[in-house]
Number of protein chains: 2
Amino acid sequence: MDQRIELRHLRYFLAVAEELHFGRAAQRLNIAQPALSQQIRQLEKIVDVELFRRTSRSVRLTDAGATFQPRARDLLGRLAADLDEAGRVGRGEAGRLDVAFITSATAIVSERIREFSRCRPDVQVKLHDGFTVDVLAALERGTADIGIVRDADERDDIDLSPLTAERFVAVVPTDHPAARADHVEASALATDPLILFPRSAGAQAFDVNTQLLRDAGIDVQVVQECSNWHTIIMFVAAGLGVTIAPYSVTTLLPAGAQRLELDGPPTMSRIFMATRRGDNRPLVQAFIAASESVTGRGHNRTVRTQ
Amino acid sequence: MDQRIELRHLRYFLAVAEELHFGRAAQRLNIAQPALSQQIRQLEKIVDVELFRRTSRSVRLTDAGATFQPRARDLLGRLAADLDEAGRVGRGEAGRLDVAFITSATAIVSERIREFSRCRPDVQVKLHDGFTVDVLAALERGTADIGIVRDADERDDIDLSPLTAERFVAVVPTDHPAARADHVEASALATDPLILFPRSAGAQAFDVNTQLLRDAGIDVQVVQECSNWHTIIMFVAAGLGVTIAPYSVTTLLPAGAQRLELDGPPTMSRIFMATRRGDNRPLVQAFIAASESVTGRGHNRTVRTQ
DNA sequence: CCATATCAATAAGCTTGAACTATGGATCAG
DNA sequence: CTGATCCATAGTTCAAGCTTATTGATATGG
């Protein structure tokens, strides 16, 4: 089975197989008849099989030719489809996009993915949730194309663009002395056991979070770490301590836990979209564009949740 | 999607995609590097998509390239398989063979097909049973490649080669006067109602069958026609009449029916293998050869059943 | 039965384009 | 800065596919 076979052979073969007439087939292919005869002959030599039985008056497919015809047609069809697919992937109309995000941003992410999938129905979106550090690592090693992170440091290999910001609030047990009001001075929590998201999940986010406590003169001693915000809230409700959390994870509180606004200038937790610097692939750009359209449309609502 | 794309482009693309290095890929393809660069560039222009992102120091697949790579590999693999298949069909090692046969020759056919399938496991054998006229018609219109018929006329578009011959015997109800012996003169059946296979199923076979009755001076009046030998035998067993049948359909007789050898020189029914004249396709020839090997091996046994 | 038409194969010359050699330009190591 | 590496570009060459002209074979019409 020589390497010398080319698609030309298949195209010519199919034309003759359909016309069963070298003259007409050649006309259809816009070539002269002898060229066609020659190429078919060459194909038969390469495959070492007679594909047509021809007399000077008629052309018929042999068994081998009849077997090969639908397969050749199929091959050309597949090739066209594959080339088309490659083109669509190249233009960002199809393909696969890996989005890594922090669990506490699920709402924001799902909203944007819904919008993106509406624009690009042929793009398969793969979701990966994790901590900010995991998201950044996935971006770095190429496992993810889009990252949603919280309060990340500037890095020279990753672009960050802010999606939204939300203030921190305190969550305390309902039997806490401060729970009679709906707001609290940070310093009033100085003696309570602190339950926080682990710093290892995202140092910058942790530091932003705890800065407000340090500003209030509190020596931050984390009594309990927990890598799931909802679990932290449950612990608070159980009276194990208090926490400072981004607003969005406190929208649904169980009985026994109460949200308190923090007095003074609000400290904000910012959520960013992260991409590899210089990654200007169409799909990535399209996701950014779709995401921005959501931010624009939904701006009022986003502000309200801050 | 221009017509100008050729398999060369796919082969070259795959080489570069695997090596990620134009120099090494070119070496592997036994061409010079500039030719490779040129062809890849051409491919990208045809598809109108960048398949590689190259700097002067590195070559990487783009998303489109990464999508296309496994598909291109698959296409080349399929093509090789299809060409191989066509070659095997051409050499008669694979493909499909349509065998049409008369129901009363099932035993002979199955024996030969078993042998043929042993030699050519990749050939799909399609079976079609029917009357002799149907078998010949199927051959004629190309629906069948091999036909097994009984006592057919010579025709100039069909070759017949004898497979076996069997004598005719009489089958009578056990309460028939002649049933006390195990043989009978044909003339002794002159007054019995005759049940026979329809003449329309195969005129020659019918005429051979009934000739022996006419030779015995009987005016052949078929009382009942039935197009299934086993049903005919059941009718005989039920006392509805007598029949003259090829030996092989009388090997298993129900209670109530008895086989009688016919006195005098035996009249033979001959079973032929029929093929289109000039059909020298390898599969047909291979079936004939396999069939002959069975006839040779099993000759004694065949003789015994006559 | 010969003349004519049809159709694939063959022959010979032409033309296209793939591949070659040589070179340039960019990037990285020392 | 120099040398090495590697892809791109430029110009040339030659194989191979295409064209025209012709042949040979087979069917059709007068």
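Note that the coordinates shown come from a computational prediction; the quantities given were computed from them, not determined experimentally. Every chain is numbered from 1, with letters handed out A, B, ... down the list of sequences.
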Discussion item. With a 4.0 Å cut-off on N to O distance, would you call B:R277 and B:D159 a salt bridge?
Written reply: yes

Practice prompt. Please report, rounded to the nearest Å, how far the P atom of D:dT20 is from the CD atom of A:Q33.
Written response: 12 Å

Discussion item. Once you apply a heavy-atom cut-off of 4.0 Å, does A:Q42 come out as touching a base, just sugar-phosphate, or nothing?
Written reply: sugar-phosphate

Worksheet item: Over how many whole Å does the gap from B:K45 atom NZ to C:dG17 atom P extend?
Response: 12 Å

Fill in: Protein-nucleotide distance (A:I40, atom CD1; C:dT10, atom P), rounded to Å
14 Å

Worksheet item: Below 4.0 angstrom, N of the basic side chain to O of the carboxylate: do B:D207 and B:R199 qualify?
Response: yes

Item to complete: Using the closest heavy atom to pick a nucleotide of DNA chain C for each, name whichever of A:P34 or A:R24 lands nearer the 5' end.
Response: A:R24

Worksheet item: Within this structure, what is the CD-to-P distance between A:E6 and D:dG17, rounded to whole angstrom?
Response: 9 Å

Worksheet item: B:Y12 near the nucleic acid: base, sugar-phosphate alone, or nothing, with a heavy-atom cut-off under 4.0 Å?
Response: sugar-phosphate

Fill in: Between D:dG17 (P) and A:R11 (CZ): distance, integer Å
14 Å

Worksheet item: Phosphate oxygens OP1/OP2 of D:dT5: is one of them under 4.0 Å from a side-chain N or O of B:R57?
Response: no

Worksheet item: Is the distance from OP1 or OP2 of D:dA8 to the nearest side-chain N or O of B:S37 less than 4.0 Å?
Response: yes

Fill in: Identified side chain to side chain donor-acceptor pair (under 3.5 Å) counterpart of A:S37 within the set A:Q33, A:R41, A:Q39
A:Q33

Worksheet entry | Whichever of B:R41 and B:H21 has its nearest DNA chain D nucleotide further upstream toward 5' | B:H21

Worksheet entry | Closest nucleotide among D:dC7, C:dA19, D:dT19 to the B:V59 side chain | D:dC7

Discussion item. Heavy-atom count check: over 12 atoms from other residues, nucleotides or ligands less than 6.0 Å from B:R60 CZ?
Written reply: no

Worksheet item: Do other residues, nucleotides or ligands put more than 12 heavy atoms under 6.0 Å from A:R276 CZ?
Response: yes

Practice prompt. Calculate the interatomic distance between B:Q27 atom CD and C:dA19 atom P; express it in whole Å.
Written response: 16 Å

Worksheet item: Below 3.5 Å, does any donor atom in the side chain of B:Q39 face an acceptor in the base of C:dA18, or the other way round?
Response: no

Fill in: Spacing of A:F22 atom CZ relative to D:dA25 atom P, expressed in whole Å
18 Å

Practice prompt. Name the nucleic acid region contacted by B:T55, choosing base, sugar-phosphate or nothing; use a 4.0 angstrom heavy-atom cut-off, strictly under.
Written response: sugar-phosphate

Practice prompt. Find the distance A:R54:CZ to C:dA9:C1' and express it as a whole number of Å.
Written response: 9 Å

